[in-house]
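Numbers for residues simply follow the sequence, beginning at 1. All of these numbers come straight from a predicted model, not from anything done at the bench.
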Amino acid sequence: MAHGPRLPELGREMAAEFAGTLILILFGAGVVAQAVAGSGLGDPQSLGGHDAITWAWGIGVTLGVYVSARISGGHINPAVTLALAVFKGFPWRKVGPFWVAQTAGAFVAALIVRWNYSEVLAKFDPGHTLKSQGVFSTLPGNGTLPVGTWGAFRDQVIGTAILLFVVLALTDLRNSPPLANMTPFVIGLLVVAIGMAWGTDAGYAINPARDFGPRAAQFITGYGNAWRDQNGDFYFWVPIGGPLIGGIIGAGLYLLLIGRNIPEEDQGPGGGEPRPEYDVR
């Protein structure tokens, strides 16, 4: 079959990161809209609850990585891109473009969810207030519990450190990783586990694009206080700065504690090259 001309290499990778992150947010923001707004209106057809949210986010990560891995490495998270640039030789000249593509994908996906659920959100929260803000962006203590800005920042550092520590373990061929292209599936399970264990203090954004893109989308569609938390404080920077710092810490700890200590004679199948997912192209 004939195909038209392809984009340049960086353009192809940005398109893949855009698409992968878009898929992630379509499932992630979509399930929160259904669980919070749909269930809040008493719709018997809507499936809500914490378990549904964590599983849909994890599945969204799995599908987003599968969509984008062959072309871009399947980062779909600026914290992953930065950690790979710091420790794994990912080209620094691509970091900014990847961040733009990831954030744009999250932004467009959030607009689609906002549009599709517009009637339900308007009924559930006519003023587009804090009541439904968590559909798109995170809040300290999920908007209700006694967690402050710095507690949420701490949580984002720890949660993203866990993410990158395990992601590097899963993608290091010297360390018996999942085979048969199962790595994205296991990474999705990792995100489910983080959501179930680390979701209380800050909603487990663990991804700057996942939070900033939808936050910008909700701001331009009627949520005037999107940049602030329930206390009126500017909060949007927490799920950006915390994950970027946490990702570097987690990746560095993996290399310190595990990566540099794997005996060369005990390499896993395939030698020491990174897997296609999260590669350093």
field: Flag if over 12 foreign heavy atoms under 6.0 Å of CZ, Phe27
entry: no
Ignoring hydrogens and geometry, is there a side-chain-to-backbone donor-acceptor pair from Gln102 to Arg210 under 3.5 Å? no
What is the ring orientation for Tyr204 with Trp57, classed by angle as parallel under 30°, tilted 30 to 60°, or perpendicular over 60°?
perpendicular
_Tell me whether the rings of Phe212 and Phe236 are parallel (<30°), tilted (30 to 60°) or perpendicular (>60°)._
tilted
Between Trp237 and Thr149, the two heavy atoms sitting closest are CZ2-CG2, 3.6 Å
Quiz item: Does the side chain of Leu121 come within less than 4.5 Å of Phe136's, by heavy atoms?
Solution: yes
**Close side-chain approach of Leu189 to Trp55, heavy-atom, < 4.5 Å** = yes
Tightest non-hydrogen contact, residues Gly148 and Pro140, listed as O-CB, 4.0 Å
Rounding to 0.5 Å, atoms CG (Leu63) and OG (Ser68) come to a distance of 10.5 Å
Exercise. Can you list the steps and then say if Trp99 with Met14 is a side chain to side chain contact (heavy atoms under 4.5 Å, CB included)?
Worked result: CA-CA 9 Å; Trp99 286 4; Met14 291 178 66; over 6 Å; no
Which of Asn207, Leu163, Val167 passes side-chain contact (heavy atoms from CB on, under 4.5 Å) with Val191? It is Leu163
More than 12 foreign heavy atoms under 6.0 Å from CH2 of Trp92: is that the case here?
yes
> Are the side chain of Asn261 and the backbone N or O of Leu257 linked by a donor-acceptor pair below 3.5 Å?
Replying inline: yes
Query raised in the report: Are Leu255 and Arg260 close enough that some pair of their side-chain heavy atoms sits under 4.5 Å apart?
Result: no
Any donor and acceptor pair, going by atom type alone, linking the side chain of Glu17 with main-chain N or O of His75 inside 3.5 Å? yes
Item to check | Exercise: do Thr138 and Asp211 side chains pair donor with acceptor under 3.5 Å | outcome: yes
Notebook entry, point to check: Is there side-chain contact between Ile262 and Asp172, with heavy atoms separated by less than 4.5 Å?
Noted result: yes
Closer than 3.5 angstrom, by distance alone: can the side chain of Gln133 be matched with the main-chain N or O of Gly143 as a donor-acceptor pair? no
Backbone of Pro184 reached by a side-chain donor or acceptor of Thr62 within 3.5 Å
yes
Checklist line | Ring-ring centroid check Tyr66 Phe185, cutoff 6.0 Å | finding: no
Worksheet entry | Residue pair Leu111, Ile220: steps toward the side chain to side chain contact (heavy atoms under 4.5 Å, CB included) verdict | CA-CA 9 Å; Leu111 287 179; Ile220 69 170; 4.2 Å; yes
So CZ of Phe153 and CG of Asp201: to nearest 0.5 Å the spacing works out to 14.0 Å
inquiry  = Would the distance check show the side chain of Asn142 and the main-chain N or O of Gly199 forming a donor-acceptor pair, the cut-off being under 3.5 Å?
reply    = yes
Exercise. Please step through side chain to side chain contact (heavy atoms under 4.5 Å, CB included) for the pair Val80 and Leu164, ending with a clear verdict.
Key: CA-CA 7 Å; Val80 171; Leu164 264 295; 4.0 Å; yes
| said: Are the side chains of Pro208 and Asn77 in contact, using a 4.5 Å heavy-atom criterion? | reply: yes
Here the pair of heavy atoms bringing Ala85 nearest to Val95 is CB-CG2, 3.7 Å
Would you indicate whether the side-chain heavy atoms of Val32 and Tyr117 approach each other to under 4.5 Å? no
Check: Asn231 main-chain N/O paired with Asp229 side-chain donor or acceptor under 3.5 Å: yes
Check your understanding: Is there a donor-acceptor contact under 3.5 Å from the side chain of Arg215 to the main chain of Ala226?
Key -> yes
Between the CG atom in Leu82 and the OG1 atom in Thr160, the distance rounded to the nearest 0.5 Å is 11.5 Å
Interatomic distance, CD1@Ile162 vs CD1@Ile249, rounded to 0.5 Å, equals 11.5 Å
Item checked: Aromatic ring pairing Tyr223/His128, orientation class (parallel under 30°, perpendicular over 60°, tilted between) -> tilted
**Prompt:** Is Arg12 reaching over with its side chain to a backbone N or O of Arg6, donor-acceptor style, under 3.5 angstrom?
**Reply:** no
Review point. So, does Asn175 use its side chain to make a donor-acceptor pair with the main chain of Pro177 at under 3.5 Å?
Key: no
query = How far apart are the C-alpha atoms of Trp227 and Tyr235, what are their side-chain angles, what is the distance that settles it, and do they pass the ring pair (Phe, Tyr, Trp, His ring centres under 6.0 Å) test?
reply = CA-CA 6 Å; Trp227 308 113; Tyr235 181 77; over 10 Å; no
Contact check, side chains of Val186 and Val166, non-hydrogen atoms, under 4.5 Å:
no
Would you call Thr171 and Thr183 a side-chain contact if the rule is heavy atoms closer than 4.5 Å? yes
